[in-house]
Amino acid sequence: MSDAPVSAPKDFIRELIAADVAAQRNGGWVITRFPPEPNGYLHLGHAKSICLNFGLALENAPHARCHLRFDDTNPTKEETEYVESIKADVHWLGFSWGNHLYFASDYFEKLYGFAVQLIANGFAYVDDQTLEEVRANRGTLTAPGVSSPFRDRSPAENLDLFARMRAGEFAEGAKILRAKIDMASPNMNLRDPVIYRILKAHHHRTGDAWCIYPMYDYAHPLSDALEEITHSLCTLEFEHHRPLYDWLIDHVVGLPAKPYQREFARLNLTYTVLSKRKLLQLVKEGLVAGWDDPRMPTISGIRRRGYTPAAVRAFCETVGLTKFPSVSELALLEHCVREDLNKNALRVYGVLRPLKVVLTNYPENQVEEVELVNNPEDPSAGTRKVPLSRELYIDAEDFMENPVADFFRLVPGGEVRLKYAFCIICQEVVRDASGGIVELRCTYDDATRRGAKPVGRPKVKGTIHWVSAAQALDVEVRMYDKLFSVAQPEEAAGEHGNFTDYLNPNALEVLTAKLEPSVATAGPGVHYQFERVGYFFTDPKDSKLGKPIFNRTVALKDSFPKVK
RNA sequence: UGCCUCAUGGUGUAACGGUAGCACAGCAGAUUCUGAAUCUGCUUGUCUAGGUUCAAAUCCUAGUGAGGCAACCA
């Protein structure tokens with residue numbers, strides 16, 4: 001009996017697991033697995049599964065662990081390159097599989113043995129029907145299937161045929177091994193599912209050792225059992241595979257464990273797509289710059305954009321886990337990113353669209369140093385010195401010649417504060433021949449330093465950032481925005497349309513910004529907040545030492561309604 | 001015209017027969033040397049119809065809607 005407060009499980013799966021632990025099922029152990037097929041890059045949808053499976057292991061320590069298992073049963077699609085990227089992505093998210101790294105291909109021999117056992121016990125048979133015949137005889141959603149003429153072959157004949165399949169005597173497609181279950185089942189997965197097929201393909205790990213390969217439905221439950229997985233968690237589309245999962249666990253003799261499968265809804269996110277096929281299409285058609293394009297919802301993409309592992313984990317936790325196919329808002333993810341970065345990112349001044357300001361009453365050749373706070377959320381981050389002189393840049397957005405209502409930045413004749421410097425008053429707007437504004441001539445008030453309020457003039461409502469012109473760095477800034485311009489591109493496209501029609505043409509804008517000189521030494525992969533603008537990340541791939549390139553991770557929230 | 005699963009504010013979730021709560025978004029206000037952050041307040045919800053019960057988001061029945069299922073993919 002414990003008087004410790006009972007922390008309520010957060011979702012139906014954790015509830016189930018807590019009950020299993022309480023009942024000492026599996027000796028109170030919780031062993032989960034994350035089982036990607038190494039045929040592509042991981043995305044945010046996978047992150048949800050990773051956070052669940054590895055999170056469960058952490059929550060139930062010390063009697064818990066999570067395996068990383070590559071489900072590499074289809075050699076025609078899998079590559080070592082993907083194995084490496086998947087490992088890197090899981091690590092980046094902050095999880096570790098310890099020494100529990102597995103490959104389904106490591107079990108090929110055992111899996112073959114189990115198949116022999118099933119055949120010997122009359123639970124599987126070799127079928128000579130063609131692919132088309134198998135398909136036709138499976139029946140439809142409303143009509144039962146028709147038994148194969150080869151369904152009643154003797155175990156002895158099946159054993160011989162299966163051995164010869166392995167030996168490579170038959171051509172691809174000539175024969176398959178099927179589980180003998182129920183051709184009339186309302187569940188199509190139980191109509192004698194194929195469990196082995198002939199594939200004369202080179203496997204990324206087993207090479208040419210095999211020419212028959214197990215199907216997912218067969219390999220998965222048995223791999224789970226071999227690893228003594230207790231809870232096999234997957235997405236909803238595998239719900240109908242559960243009876244087959246259970247059938248195999250029940251019919252194969254000698255398994256070291258009896259795992260069970262539960263299903264949860266996959267992640268959907270607004271303004272993006274989360275399907276390997278569609279992401280692949282974007283890459284192949286050159287609509288993005290690659291799998292790690294910062295616009296992509298891939299783990300490698302968001303990492304490069306500057307999203308943080310902590311933010312992704314927090315997001316996965318708040319979306320929760322249910323069986324309802326919900327669509328989460330990008331805004332929630334962005335909130336999680338800002339929340340993390342606000343606490344940790346160093347502040348820096350950056351002017352995206354420079355507008356020159358000349359302080360007419362500031363000494364011609366003087367350069368002073370102003371002390372700026374590195375992170376108001378974290379005093380230990382200290383301060384830095386930034387130069388200030390007669391010629392400055394401010395953001396063009398911070399000046400309006402004909403201001404809209406409630407605009408409280410710089411206007412002709414108006415006054416704003418240059419943050420941590422002093423207040424300036426706009427005296428004159430200088431134009432070029434075509435009427436474009438090229439420069440603002442302003443005066444500054446020395447008495448307004450250190451936050452002192454102007455005397456004898458109205459209260460200054462605006463505070464803006466700035467950089468000293470002579471010392472400013474010209475830096476490439478990649479302004480990333482949402483990938484699609486509609487919340488649900490797949491739905492917008494409907495059955496016949498093309499989701500790529502809804503790509504956001506403004507998802508990337510490249511600018512040359514003026515940044516304070518302190519960022520000259522910024523290495524690749526560092527987070528910053530450009531004050532009043534947004535969070536930025538030095539591109540880990542294209543940044544050179546001394547020549548950083550910044551990716552906009554996410555803009556700051558902006559409650560000023562912009563008129564564009 | 002089959003089977004399986006699901007249905008709580010705009011969005012995501014909690015409530016396990018007994019006060020519909022939280023977060024995001026939105027809207028106000030306070031505060032602010034970031035129109036950020038922070039703080040306060042507000043708006044908005046149990047798919048429908050029956051039933052069981054003193055009492056239903058919760059249990060039952062039917063309907064409606066959504067997702068999934070007919071690869072030798074995973």
Side-chain angles (χ1 to χ4, degrees), chain A residues 8 10-11 15 35-37 39 71-74 76-78 127 129-131 134-136 138-145 172-178 185-189 191 193-199 212-213 215-217 219-220 234-243 263 265-266 270 276 315 318-336 338-339 342-343 347 349 372-373 376-377 406-409 417-423 448 450-453 460-465 487 529-535 555-562:
Chain A
K10 284 173 294 196
D11 52 71
E15 223 163 74
E37 180 185 19
N39 69 342
D71 224 326
D72 53 351
T73 57
N74 185 353
T76 64
K77 289 186 171 181
E78 297 145 6
D127 195 346
Q129 291 183 110
T130 64
L131 196 149
V134 169
R135 196 169 289 170
R138 187 155 22 227
T140 68
L141 293 175
T142 52
E172 264 187 37
K175 284 181 167 47
I176 50 176
L177 184 70
R178 302 179 74 175
S185 172
N187 183 341
M188 304 291 293
N189 294 117
R191 319 245 265 225
V194 178
I195 58 178
Y196 266 92
R197 78 287 214 188
I198 298 170
L199 242 34
I212 56 170
Y213 290 91
M215 300 287 288
Y216 164 88
D217 276 322
H220 204 88
C234 60
T235 45
L236 246 26
E237 63 267 31
F238 293 103
E239 228 167 5
H240 323 265
H241 298 241
R242 188 150 116 197
E263 311 82 16
R266 69 185 316 134
T270 54
K276 252 183 206 172
F315 171 70
T318 40
V319 280
L321 207 66
T322 64
K323 302 190 78 162
F324 182 75
S326 57
V327 184
S328 293
E329 287 180 343
L330 214 216
L332 179 60
L333 210 210
E334 293 186 332
H335 163 80
C336 294
R338 289 191 190 102
E339 194 169 51
N342 177 47
K343 289 195 291 269
R347 314 291 134 119
Y349 285 2
L372 303 188
V373 174
E377 305 287 322
D406 293 324
F407 183 80
F408 45 82
R409 280 107 96 163
R417 177 176 297 282
L418 297 184
K419 195 175 180 193
Y420 282 112
F422 36 60
C423 295
T448 55
R450 308 197 146 277
K453 293 181 171 49
V460 172
K461 285 173 88 179
T463 298
I464 64 173
H465 57 100
Q529 184 197 103
F530 290 5
E531 284 213 36
R532 304 207 313 124
V533 176
Y535 293 99
L556 247 38
K557 276 186 73 172
D558 186 2
S559 56
F560 176 65
K562 279 198 188 74

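Each chain gets a letter, A, B and so on, in the order the sequences are listed, and its residues count up from 1.
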Can you find a donor-acceptor pair, distance only, under 3.5 Å between A:Glu329 side chain and B:G10 base? yes
Ignoring hydrogens and geometry beyond distance, is the side chain of A:Gln529 in donor-acceptor contact with the base of B:U34 at under 3.5 Å? yes
What nucleotide, of [options], holds the atom closest to the side chain of [X]?
| X | options | result |
| --- | --- | --- |
| A:Asp71 | B:C72, B:G12, B:A74 | B:A74 |
| A:Asp406 | B:A23, B:A74, B:G35 | B:G35 |
| A:Thr463 | B:G67, B:U34, B:A70 | B:U34 |
| A:Leu556 | B:A74, B:A66, B:A36 | B:A36 |
| A:Tyr216 | B:G12, B:A74, B:A37 | B:A74 |
| A:Val319 | B:C33, B:A74, B:G12 | B:G12 |

Students often get this wrong, so: under 4.0 angstrom with heavy atoms, is [X] touching a base, only sugar-phosphate, or nothing?
| X | value |
| --- | --- |
| A:His465 | nothing |
| A:Pro36 | nothing |
| A:Tyr213 | nothing |
| A:Thr73 | sugar-phosphate |
| A:Phe407 | base |
| A:Lys77 | base |
| A:Val533 | nothing |

Say we look at B:A23 and B:G41: how far apart would their P atoms be, to the nearest angstrom? 11 Å
Mind checking the C1' distance from B:U8 to B:A14? Whole angstroms is fine. 10 Å
Using OP1 and OP2 only, check whether a side-chain N or O of [X] sits under 4.0 Å from [N].
| X | N | answer |
| --- | --- | --- |
| A:Lys557 | B:A25 | yes |
| A:Arg135 | B:A71 | yes |
| A:Arg532 | B:A37 | no |
| A:Thr322 | B:G12 | no |
| A:His240 | B:G68 | no |
| A:Arg242 | B:C3 | no |
| A:Ser326 | B:U13 | yes |

How many whole angstroms separate atom [atom1] of [X] from atom [atom2] of [N]?
| X | N | atom1 | atom2 | value |
| --- | --- | --- | --- | --- |
| A:Arg138 | B:C72 | CZ | C1' | 9 Å |
| A:Tyr420 | B:U34 | OH | P | 7 Å |
| A:Leu236 | B:C6 | CG | P | 9 Å |
| A:Met215 | B:A70 | CE | C1' | 14 Å |
| A:Asp217 | B:A70 | CG | P | 10 Å |
| A:His335 | B:C24 | NE2 | P | 5 Å |
| A:Lys323 | B:A66 | NZ | P | 20 Å |
| A:Glu78 | B:C73 | CD | C1' | 10 Å |

With no hydrogens and no angle check, just 3.5 Å: does a side-chain donor-acceptor pair link A:Asn189 and A:His240? no
Given Watson-Crick and G-U pairs under 3.5 Å, RNA chain B in dot-bracket ([ ] crossing, | other strand) is .((((((..((((....[..)))).(((((.......)))))....(((((..]....))))))))))).....
Consider side-chain contact (heavy atoms from CB on, under 4.5 Å). Of A:Glu377, A:His465, A:Arg532, which one does A:Arg347 pass it with? A:Glu377
Taking only Lys NZ, Arg NE, NH1 and NH2, and the carboxylate oxygens of Asp or Glu, determine whether A:Glu263 and A:Arg242 approach each other closer than 4.0 Å. yes
Start at the 5' end of RNA chain B and walk down; is the nucleotide closest to A:Val134 or to A:Tyr349 reached first? A:Tyr349
Taking for each residue the nucleotide of RNA chain B with the nearest heavy atom, is it A:Tyr196 or A:Arg338 whose nucleotide lies nearer the 5' end? A:Arg338
Using every non-hydrogen atom in the two residues, find where [X] and [Y] come nearest and quote the distance to one decimal.
| X | Y | answer |
| --- | --- | --- |
| A:Arg417 | A:Ala452 | NH2-O, 2.7 Å |
| A:Asp71 | A:Glu78 | O-OE2, 3.5 Å |
| A:Gln529 | A:Tyr535 | NE2-OH, 3.2 Å |
| A:Phe560 | A:Asp558 | N-OD1, 3.0 Å |

Are the ring centres of A:Tyr420 and A:Tyr349 closer than 6.0 Å? no
As a test of the definition: with a 90° window around 0 for syn, would you call B:A71 syn or anti? syn
Quick check on A:Lys343: does its NZ atom have over 12 non-hydrogen neighbours (other residues, nucleotides or ligands) under 6.0 Å away? yes
Should the ring pair A:His241 and A:Tyr216 be called parallel, tilted or perpendicular, given that the plane angle runs from 0 to 90° and is split at 30 and 60? perpendicular
